[in-house]
Amino acid sequence: MIDTLRRLGREGLSFFERLGRAHLFLAYALLGVPEVLGRFRLLVAQVWSVGVLSLVIILVSGLFVGMVLGLQGYNTLVDFGAEESLGVVVALSLVRELGPVVSALLFAGRAGSALTAEIGLMKATEQLAGMEMMAVDPLRRVVAPRFLAGVLSLPLLAAIFSAVGALGGWFVGVGLLGVDEGAFWSQMQSKVDLYDDILNGVVKSVVFGFVVTWIAVFEGYDTVPTSEGVSRATTRTVVHSSLAVLGLDFVLTALMFNQT
Amino acid sequence: MFHSRTVEIGVGLFIALGLAALFMLAMKVSNLAVFAGGNGFDVVARFQNVGGLKVRSPVTMGGVRVGRVKAIDFDDKSYQAVVTLDIESRWNRIPTDSTASIFTAGLLGEQYVALEAGGDDLYLKAGAEIKLTQSALVLEQIVGQFLFSKASEGAKSDAPGGAGAAGGSGWGTGSTGAAK
């Protein structure tokens, strides 16, 4: 009985300790961000590996998600004789929800896991310790550029996802199923608002980018420096950031779209 | 480790693509192209009941969209709803005695304000008020009135079937009754 209590207490303490470490880590990484803006090369290299290399998976999944939305939406709407609203259905679901959320999930799997593994291996092979020996702060040299690159890349990726998805929906709806092209775009334009829908979607993806990259770099930095530790940290990154994205999505949706 | 030039070009392309996607969303998907901000003029109309009218609902004339609803307020002196309509500035030849009605697009569609031109030589200007208005039809009221009239008819013809039964049978036969 006492043992159970003690284990519970220890678990709780270590959880909060880790949470505190994560926030301190975030604060130090953010302090390094202005410096990164001065050293543009570092940032460019990270945007390449985090953003550009995620482009293919984002493009392909965006296209297919849009096409599936077109098909499914058409099948439902045609019962009500409202297949002209297909553009609205596709665009609103993409811009408000699927664009930010699905690209954040893909980003966590594609870029987040890579970030964790990279930083974790740097720690396991004592490169981070070596940097500290040379009076180079690894938080500023390694973590801050990766963090900034993630926060910058995800909104762009989400926008690309939504745009490609809208084209995919257009391809299926107008090209294959014969929805009127003019109605498709004009209904979409009359129902989708620049501020309420598109900018809120961008805000969502900025928040997701922040959280996913934070989790990824922290898990890497905080890893147990063994090969098993790195593999666990990578798994945790994907699981935790997916959960965080889905949970935060609900909160953000409730905050943003609770009134028409 | 990296070919710096390729990397930079790739990143530049990526950022350009992302911004282009945002631009496409703004121009092609959203309503930015339809309404480029508040370059119209405001006209006020007072309604007894605006029903389900919302801010940003369309304002049409002859079925063509000429503006949108900018604001809906309540005047607690006259107990009327005050609807501010934002009309695009190129439609500046709307007569002052035009009628504003709130209609529903389709059976379950959104509500919109329809303007019907009057015969006056003077045209609506910014801040003018549309005097002739027609409120939204509230479906419950119509159904209620219909059921009430049916029920009273049923009571008159001495059929003690109750209001529910009278209402139920009324749907089949009552098309002429509803019209009057």
Side-chain angles (χ1 to χ4, degrees), chain A residues 40-41 43-55 58-59 62 80-82 85 87-88 90-92 94-95 99 149 152-167 169-170 184-199 201-202 205 259-260, chain B residues 1-38 50-60 63-70 72 86 88 104-113:
Chain A
F40 208 63
R41 277 280 162 83
L43 184 62
V44 168
Q46 289 311 318
V47 173
W48 170 268
S49 70
V50 168
V52 179
L53 296 182
S54 310
L55 205 51
I58 290 288
L59 284 174
F80 303 102
S85 308
V88 184
V90 171
L92 277 186
L94 277 171
V95 167
L152 287 179
S153 298
L154 187 53
L156 293 174
L157 289 172
I160 293 172
F161 187 97
S162 299
V164 171
L167 289 179
W170 166 80
F184 185 86
W185 291 115
S186 68
Q187 292 245 353
M188 190 192 283
Q189 284 169 2
S190 70
K191 287 283 164 57
V192 180
D193 189 72
L194 178 65
Y195 298 101
D196 288 351
D197 299 322
I198 293 187
L199 282 189
V202 173
S205 59
Q259 60 210 9
T260 44
Chain B
M1 175 166 151
F2 290 106
H3 297 287
S4 161
R5 196 178 140 75
T6 339
V7 168
E8 280 169 9
I9 293 174
V11 171
L13 271 178
F14 167 61
I15 290 175
L17 194 62
L19 293 180
L22 265 182
F23 184 73
M24 182 213 144
L25 287 179
M27 298 308 292
K28 189 84 183 175
V29 175
S30 85
N31 55 0
L32 186 71
V34 185
F35 288 107
V50 293
L53 195 71
K54 292 191 182 71
V55 173
R56 287 203 285 120
S57 295
V59 177
T60 65
V64 180
R65 187 166 174 157
V66 296
R68 63 187 173 127
V69 173
K70 192 179 187 186
I72 300 175
D86 184 10
E88 281 181 71
T104 310
L107 192 58
L108 300 167
E110 60 171 354
Q111 298 202 297
Y112 64 98
V113 178

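Every chain is numbered from 1, with letters handed out A, B, ... down the list of sequences. Predicted model, so just to flag it, every value in this text is computed and none were measured.
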Tell me, do V202(A) and L25(B) make a side-chain contact under 4.5 Å, heavy atoms counted?
no

Go through the atoms of [X] and report whether side chain, backbone, both or neither lie under 4.5 Å from a heavy atom of chain B.
| X | value |
| --- | --- |
| V95(A) | side chain |
| I198(A) | side chain |
| L167(A) | side chain |

Quick one: closest heavy-atom pair of [X] and [Y], and the distance?
| X | Y | value |
| --- | --- | --- |
| A21(B) | A163(A) | CB-CB, 3.8 Å |
| L157(A) | F14(B) | CD2-CE1, 3.5 Å |
| A26(B) | L194(A) | CB-CD1, 3.6 Å |

Identify which of L94(A), V164(A), I160(A) forms the greatest number of heavy-atom pairs closer than 4.5 Å to chain B.
I160(A)

Among the listed options P155(A), A166(A), S153(A), A91(A), the residue most often paired with chain B at heavy-atom distances under 4.5 Å
S153(A)

Proximal component of L13(B), with respect to chain A [non-hydrogen, under 4.5 Å]:
neither

State which residue, out of L156(A), L55(A), V52(A), fulfils the side-chain contact (heavy atoms from CB on, under 4.5 Å) condition with L17(B).
L55(A)

